[in-house]
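Scroll down for the structure; my scribbles are underneath it.
To find a chain, count down the sequence lines: A is the first, B the second, and so on, and within it residues start at 1.
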Protein chains: 2
Amino acid sequence: SEMKEVSSNKCAGGFQKVFEHESSELRCKMRFAVFLPPKAETEKCPVLYWLSGLTCTELNFITKAGSQLGAAEHGLILVAPDTSPRGCNIEGEDKSWDFGTGAGFYVDATEEPWKTNYRMYSYITEEVRPERCVSDALPVCVRCPPPVCSVSAFAPICNPMQCPWGQKAFSGYLGPERSTWEAYDATVLASSYSGPQLDVLIDQGKDDEFLSASQLLPDNLITVCSEKKIPVVFRLQPGYDHSYFFIYSFMNDHIKHHAKFLNA
Amino acid sequence: SEMKEVSSNKCAGGFQKVFEHESSELRCKMRFAVFLPPKAETEKCPVLYWLSGLTCTELNFITKAGSQLGAAEHGLILVAPDTSPRGCNIEGEDKSWDFGTGAGFYVDATEEPWKTNYRMYSYITEEVRPERCVSDALPVCVRCPPPVCSVSAFAPICNPMQCPWGQKAFSGYLGPERSTWEAYDATVLASSYSGPQLDVLIDQGKDDEFLSASQLLPDNLITVCSEKKIPVVFRLQPGYDHSYFFIYSFMNDHIKHHAKFLNA
């Protein structure tokens with residue numbers, strides 16, 4: 001669909017842009033951010049997708065994560081989509097901070113009144129087309145078709161079927177039948193994973209309030225990955241919380257992790 | 001005065017904190033941000049002060065500039081105060097984006113109704129006590145007592161007496177007598193400077209809309225510094241604007257510039 005450039009700022013030798021387009025999947029106007037490294041002026045560069053979590057728009061990552069210098073150094077394009085449909089006038093869409101607007105989860109809803117617009121899984125995989133993901137939306141990455149083979153995440157919701165956030169979102173978007181939820185649960189997906197070899201880096205703040213509230217459940221994912229011999233580097237970072245100060249602190253490591261594969 | 005810790009986030013191996021205190025100079029509650037590098041846990045570290053510009057609070061710098069990794073590497077403490085008194089209930093304080101709340105300028109007002117609260121120069125130099133400044137508030141740095149000897153700035157208002165922003169602020173805070181303005185104009189101050197040798201780094205976006213609107217006037221400062229043999233590295237950065245994407249892009253160079261002196 002036609003792209004409108006909302007903003008363009010020179011940054012780290014390249015350009016940080018925001019675009020708006022009419023999404024056919026979501027049936028609303030959507031915005032996403034794109035960082036173009038200097039190398040992209042003369043060469044084709046690989047694309048790394050950042051999928052933000054609850055409460056974010058396309059702007060949180062590009063203003064707070066400090067990703068552009070690393071991406072410029074390694075010649076990576078960064079794409080950061082918004083996290084949900086906006087302005088669809090669905091009853092209840094703005095009622096909760098952890099459901100609806102700004103918290104789309106990356107699922108294709110099957111239930112009314114969400115199923116027409118809340119199709120973030122298809123939006124990301126079909127319309128925006130990720131090549132690589134660094135995100136707290138592990139399920140999308142794990143289900144992505146090749147050439148996805150490197151995945152990283154900050155404080156991800158590893159096993160949404162087993163936590164209050166996931167249960168609220170999945171029952172709202174997908175209905176009560178729990179077997180339909182499995183398609184979007186990273187831990188479940190990992191247990192039957194048979195795609196190309198993944199290389200996963202996960203950073204988790206040890207003092208993250210949502211970790212102690214049992215919303216994130218990384219242990220469940222790590223157990224399954226160990227059983228399936230999926231290589232995961234899980235770093236429990238002492239003292240760090242769930243804020244962008246945490247993400248900023250380790251962003252360069254994640255950029256490097258992906259650059260290793262993308263520039264291989 | 002007593003400090004209340006508003007927030008504390010582990011960041012870049014250290015801590016990004018925000019404090020609130022009752023300012024005796026400004027007669028209101030003020031907030032400022034402090035980044036403590038890991039080195040500060042065991043050693044005394046030098047302090048670098050960041051003075052933000054128009055429309056900012058203590059948060060813009062710490063969330064958007066990407067300064068903490070560099071400061072951690074070089075063992076610098078960063079202090080970022082708010083830019084004006086807040087909530088003083090002065091008539092007209094919230095009327096303009098470039099005057100009053102969020103745009104205090106770093107002057108001690110002499111005019112009613114500002115003179116009781118708008119004492120940002122004394123607040124910064126006496127109550128917060130800078131050792132080093134990186135800022136767009138050059139006048140404060142130039143007038144600072146030793147040991148200030150390294151100064152840097154992003155897109156500073158170099159000659160406020162000659163631009164609309166400065167004229168509006170100075171006539172409002174200081175009254176019509178232009179000779180009283182000179183104490184806060186970096187270009188005028190540089191022309192009679194006789195303190196310790198300064199080392200100045202200035203980055204300026206070439207596509208900064210406020211540069212072309214003649215609000216910044218770096219040429220005037222550079223001319224005076226050349227005459228006075230004050231060493232200034234002025235970098236006109238092609239394609240960059242006035243946003244934090246610009247500041248983020250060159251923050252590491254400024255940190256390094258100061259670390260050279262502070263760790264000497």
Side-chain angles (χ1 to χ4, degrees), chain A residues 6-18 33-38 41 56 59-73 78 80 154-155 203-209 211 235-256, chain B residues 6-18 33-38 41 56 59-73 78 80 154-155 203-209 211 235-256:
Chain A
V6 174
S7 63
S8 178
N9 299 93
K10 192 157 185 188
C11 183
F15 286 92
Q16 181 61 64
K17 292 172 182 282
V18 174
V34 178
F35 174 69
L36 299 170
E41 279 176 42
C56 291
L59 295 178
N60 302 68
F61 173 70
I62 66 172
T63 51
K64 297 180 176 178
S67 61
Q68 295 95 346
L69 286 167
E73 183 187 340
L78 302 177
F154 289 90
D203 274 314
Q204 171 66 59
K206 198 176 174 188
D207 291 8
D208 183 333
E209 64 191 291
L211 179 66
R235 309 193 304 187
L236 193 62
Q237 304 282 8
Y240 286 88
D241 60 23
H242 200 75
S243 70
Y244 257 97
F245 294 114
F246 158 62
I247 292 175
Y248 163 78
S249 300
F250 301 105
M251 180 51 58
N252 288 338
D253 294 347
H254 286 243
I255 298 271
K256 247 186 250 174
Chain B
V6 175
S7 63
S8 178
N9 299 92
K10 192 156 185 190
C11 183
F15 286 92
Q16 181 60 65
K17 292 173 182 282
V18 174
V34 178
F35 174 70
L36 298 169
E41 278 176 42
C56 291
L59 295 177
N60 303 68
F61 173 70
I62 67 172
T63 52
K64 297 181 177 179
S67 61
Q68 294 96 345
L69 286 167
E73 184 187 338
L78 303 176
F154 289 90
D203 274 313
Q204 171 65 58
K206 198 175 175 189
D207 291 9
D208 182 334
E209 64 192 292
L211 179 66
R235 310 192 303 187
L236 192 60
Q237 304 282 8
Y240 285 88
D241 60 24
H242 201 76
S243 70
Y244 257 97
F245 293 114
F246 158 62
I247 291 174
Y248 163 78
S249 301
F250 301 105
M251 180 52 58
N252 288 338
D253 294 346
H254 287 243
I255 298 272
K256 247 186 252 175

Check your understanding: Judged by atom type as modelled, is there a donor-acceptor pair below 3.5 Å linking the side chain of B:Tyr248 to the main-chain atoms of A:Gly66?
Key -> yes
In terms of heavy-atom pairs under 4.5 Å with chain B, the winner among A:Ala72, A:Gly239, A:Gly205 is A:Gly239
### Task
Would you check, one step at a time, whether the test side chain to side chain contact (heavy atoms under 4.5 Å, CB included) holds for A:Ile255 with A:Leu69?
CA-CA 10 Å; A:Ile255 298 271; A:Leu69 286 167; over 6 Å; no
Separation between CG (A:Asp208) and CD (A:Gln237), nearest 0.5 Å, reads 12.0 Å
Applying a strict 4.5 Å limit to non-hydrogen atoms, the region of A:Ser243 in contact with chain B is side chain
ring-ring contact (aromatic ring centres under 6.0 Å, His included) with A:Phe154: of A:Phe245, A:Phe246, A:Tyr240, only one passes, and it is A:Phe246
In short, B:Gln16 meets B:Val34 closest at the heavy-atom pair NE2-O, 3.3 Å
If one checks every heavy atom of A:Ser67 against chain B at 4.5 Å, the contacting part turns out to be backbone
Ranking B:Ile62, B:Asp207, B:Ile247 by heavy-atom pairs under 4.5 Å to chain A gives rank one to B:Ile62
Turns out that what part of A:Asn9 lies under 4.5 Å from chain B's heavy atoms comes down to both
